[in-house]
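Working notes for the structure below.
Keep in mind it's a predicted model, so treat the numbers as computed, not measured. Just follow the structure's listing: the first ligand is 1, and inside any ligand the first atom is 1. Index from 1, following the sequence.
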Amino acid sequence: MKRIAIIGAGLSGLTLAQALKGRAEVTVIEKARGPGGRTASRREGVYRFDHGAPCFTARTPAFLAWLAPLLTAGVVAEWPGAVINLQAGRVAGIRHQSERLLVGVPGMNALAGHLAGAIDVRAGTDVAPLGGGAGPYPLASVSGEALGTFDLVVSTAPTHQTRALFSAAAGAAVLPEATMKPRHALMVAIDKPWFEGWVAARVRGGPLRWITVDSSKPGRARDVTTLVAQTRSRWSRPNCDTPAELLAPMLLHALRAALPFDLPEPVLVKAHRWRSALVDHSERPGPWIAPDGSLAATGDWAGTSRIEEVCLAALDLAEIIKRDLP
Ligand SMILES: Cc1cc2nc3c(=O)[nH]c(=O)nc-3n(C[C@H](O)[C@H](O)[C@H](O)COP(=O)(O)OP(=O)(O)OC[C@H]3O[C@@H](n4cnc5c(N)ncnc54)[C@H](O)[C@@H]3O)c2cc1C
């Protein structure tokens with residue numbers, strides 16, 4: 001069987017691995033302690049936050065078909081409720097929701113956790129850049145540990161990281177380019193149940209862009225309120241190198257100013273920086289594969305950062321790879 005290494009256990013890597021399972025010997029290698037990538041959930045004591053992607057939507061029959069087993073297993077569920085606009089501390093209307101919002105249960109990282117369950121995932125291993133020459137490629141971690149030799153290496157890291165991983169090996173092959181934009185997530189816990197009639201708010205003006213009530217999502221504890229406020233990339237860009245904990249009081253101030261009520265004193269306030277949160281600009285080239293079929297890459301840069309497009313790009317790449325499999 002062909003040996004395939006997939007770098008990254010976010011939704012791109014796990015979707016691809018699941019689609020290739022049984023047709024090749026697939027190993028997923030992830031530098032973080034667990035799978036999920038930007039569909040991350042974080043525990044802070046008894047509180048839990050989706051501090052990466054808060055939710056997603058499904059527009060195409062292909063993605064709905066892929067999601068169906070996850071919906072049946074209860075790993076994905078609809079997140080009902082009103083979404084409002086906020087402006088200068090006032091409610092500025094209810095947003096018309098033409099699409100249903102979907103979330104992982106009990107956290108956004110449940111999708112990745114479920115997909116990773118049936119796949120060989122080697123977590124806590126940061127893959128070092130590949131050496132020069134043609135495949136098969138021996139892989140090593142940055143700490144020098146040998147990871148095996150692979151007929152095909154697929155990177156699902158952001159493009160600038162993929163370029164660094166593949167620059168010696170890819171030679172003259174042209175890797176697609178994309179620019180990414182940053183965001184910060186402010187996590188706030190309040191020791192009382194949520195008391196307003198809405199579940200998410202788009203904020204007009206100021207550093208914040210979205211406020212989501214995580215505790216209103218299905219499968220979350222209801223006796224407390226957990227809020228996640230995401231910044232505008234315009235605000236995050238100049239603040240990217242400031243430690244997130246120094247930004248937390250400033251973002252809490254912005255949250256208080258955005259909300260149409262006096263926020264009760266939080267029991268927990270934390271901030272997280274996503275340096276490469278979302279695609280800023282991409283030509284949407286689709287997944288990439290080297291002419292000799294020994295290197296490939298996919299990720300949100302292949303299309304947009306919507307989870308649906310990320311998964312569909314990985315499924316497209318799986319079909320291309322399968323053409324060369326027995
Ligand atoms: C704040 C925020 C808000 C978002 N909002 C939404 C939204 O509302 N709706 C929506 O659909 N999408 C949203 N997204 C985007 C969505 O989360 C991403 O597009 C999607 O999760 C990307 O998945 P991926 O697998 O391509 O990349 P990632 O999830 O980034 O996975 C790549 C993985 O590769 C690993 N990796 C990188 N380099 C190496 C290496 N050298 N060795 C080993 N592992 C490596 C990384 O650790 C990471 O886990 C949001 C994202 C963020 C951060």
Side-chain angles (χ1 to χ4, degrees), residues 5-17 27-42 49-59 63 67 76 79 83 99 101-104 108-109 111-112 115-116 121-130 139-143 145 147 153-166 178 180-187 200 202 208-210 212 228-233 236 271-280 282 287 297-314 317:
I6 299 174
I7 302 172
L11 288 181
S12 291
L14 294 171
T15 304
L16 178 64
T27 305
V28 178
I29 309 168
E30 168 57 53
K31 67 179 172 188
R33 273 177 304 168
R38 280 172 275 162
T39 51
S41 303
R42 179 150 144 184
F49 303 91
D50 296 332
H51 63 301
C55 59
F56 61 104
T57 51
R59 294 178 187 163
F63 186 55
L67 267 185
V76 171
W79 176 30
V83 180
E99 297 175 299
L101 303 179
L102 300 166
V103 293
M108 277 299 285
N109 64 354
L111 276 90
L115 295 172
V121 179
R122 191 167 176 162
T125 308
D126 193 347
V127 179
L130 280 65
L139 288 189
S141 69
V142 291
S143 57
E145 185 192 359
L147 303 171
V153 180
V154 185
S155 173
T156 67
T159 41
H160 62 284
Q161 290 172 22
T162 297
R163 283 171 169 273
L165 284 163
F166 286 177
M180 305 292 286
K181 53 187 179 184
R183 277 204 182 168
H184 287 81
L186 178 76
M187 295 161 267
R202 173 79 189 257
L208 302 179
R209 183 180 167 86
W210 278 105
T212 50
V228 178
Q230 277 183 36
T231 57
R232 293 195 148 71
S233 298
S236 285
H272 177 90
R273 179 204 62 206
W274 293 99
R275 197 182 277 281
S276 299
L278 299 159
V279 169
D280 191 17
S282 160
T298 189
D300 52 347
W301 52 266
T304 75
S305 287
R306 290 183 60 244
I307 284 172
E308 173 169 17
E309 292 200 35
V310 162
C311 294
L312 291 178
L317 180 58

Under 4.0 Å from one or more heavy atoms of D300, ligand 1 contributes atoms 19 (O), 26 (O)
Nearest non-hydrogen protein atom to atom 38 (N) of ligand 1, with distance, is Q161 OE1, 3.4 Å
- Task: Measure from the side-chain N and O atoms of R273 to the backbone N and O of H184, and report whether any donor-acceptor pair falls under 3.5 Å.
- Result: no
So for Q230 against ligand 1, with non-hydrogen atoms under 4.0 Å, the contacting part is side chain
*asked:* Using a 3.5 Å cut-off on N or O atoms only, is S305 in polar contact with ligand 1?
replied: yes
Item checked: Short N or O distance, G13 and ligand 1, threshold 3.5 Å exclusive -> no
T212 versus W79: any side-chain heavy-atom pair under 4.5 Å?
yes
- Query: Would a distance-only check, ignoring hydrogens and angles, find a side-chain to backbone donor-acceptor pair under 3.5 Å from T27 to A5?
  - Reply: no
Task: Heavy-atom check, side chain of I7 versus side chain of V153, under 4.5 Å - done: yes
If we number the atoms of ligand 1 from 1 as shown, the ones under 4.0 Å from a heavy atom of F56 are 11 (O)
Heavy-atom closest pair (I6 atom, G13 atom, distance to 0.1 Å) is CG2-CA, 3.6 Å
Honestly, for T125 the part within reach of ligand 1 (heavy atoms, under 4.0 Å) is backbone
Margin query: Looking at A277, is its backbone amide N or carbonyl O close enough to the side chain of R38 to form a donor-acceptor pair, meaning the two atoms are under 3.5 Å apart?
Written below: yes
Q.
Quick check against the 3.5 Å criterion: does T39 have a side-chain atom that pairs as donor or acceptor with the backbone of N109?
A. no
Return a yes/no value for R38: is any of its N or O atoms, backbone included, closer than 3.5 angstrom to an N or O of ligand 1?
yes
Note: ligand 1 atoms sitting under 4.0 Å from heavy atoms of I7 are 39 (C), 40 (C), 42 (N), 43 (C), 44 (N), 45 (C)
Nearest non-hydrogen protein atom to atom 4 (C) of ligand 1, with distance, is A53 CA, 3.5 Å
Backbone of H160 reached by a side-chain donor or acceptor of T162 within 3.5 Å: no
of all protein heavy atoms, closest to atom 5 (N) of ligand 1 is P54 CD, 3.4 Å
If you scan protein heavy atoms around atom 51 (C) of ligand 1, the nearest is A277 O, 3.7 Å
So the atoms of ligand 1 within less than 4.0 Å of a heavy atom of G10 turn out to be 25 (O), 29 (O), 31 (O)
Q230 meets the side chain to side chain donor-acceptor pair (under 3.5 Å) criterion, sequence neighbours left out, with R183
Rounding to 0.5 Å, atoms NE2 (H272) and NE2 (H51) come to a distance of 4.0 Å
> Hey, are the side chains of D50 and V228 touching, using non-hydrogen atoms and a 4.5 Å cut-off?
Replying inline: no
Atom 48 (C) of ligand 1: of M180, E30, R209, the nearest heavy atom sits on E30
Atoms of ligand 1 under 4.0 Å from any heavy atom of T156, numbered from 1 in the order shown, are 32 (C)
### Query
Does the N or O separation between K31 and ligand 1 drop below 3.5 Å for any pair?
yes
Per-atom filter on ligand 1: closer than 4.0 angstrom to a heavy atom of L11 are 25 (O)
Quiz item: Just distances here: any N/O of A157 and N/O of ligand 1 closer than 3.5 Å?
Solution: no
Q) Hey, are the side chains of M180 and V279 touching, using non-hydrogen atoms and a 4.5 Å cut-off? A) yes
among protein heavy atoms, the one nearest atom 34 (O) of ligand 1 is G8 CA, 3.2 Å
closest protein heavy atom to atom 11 (O) of ligand 1 is I307 N, 2.7 Å
So the atoms of ligand 1 within less than 4.0 Å of a heavy atom of G299 turn out to be 26 (O)
*Could you check if a side-chain atom of V28 sits within less than 4.5 angstrom of a side-chain atom of L16, using non-hydrogen atoms only?*
no
Open item on the list: Can you confirm, on distance only, whether ligand 1 has an N/O atom lying under 3.5 Å from any N/O atom belonging to S12?
Closed with: yes
- Is any N or O atom of V127, backbone or side chain, closer than 3.5 Å to an N or O atom of ligand 1? yes
- Is ligand 1 less than 4.0 angstrom away from at least one heavy atom of T15? no
Closest heavy-atom approach to atom 8 (O) of ligand 1 among G124, C55, A58, P158 is made by C55
Nearest non-hydrogen contact to atom 41 (N) of ligand 1 from the set D126, T39, I29 belongs to D126
Atoms of ligand 1 under 4.0 Å from any heavy atom of V310, numbered from 1 in the order shown, are 19 (O), 23 (O), 26 (O)
Original post:
Does an N or O anywhere in R306 fall below 3.5 Å from an N or O of ligand 1?
Top reply: no
- Item | Within-shell test, A185 vs ligand 1, heavy atom, strictly < 4.0 Å | no
The side-chain contact (heavy atoms from CB on, under 4.5 Å) partners of A58 (sequence neighbours excluded) come to F63, L64, L67, L102
Considering only heavy atoms from C-beta outward, does the side chain of S155 approach that of F166 to under 4.5 Å? yes
dist R209:CZ -> S236:OG (nearest 0.5 Å) comes out at 11.0 Å
query: Looking at side-chain heavy atoms only, is the closest gap between C55 and V103 below 4.5 Å?
result: yes
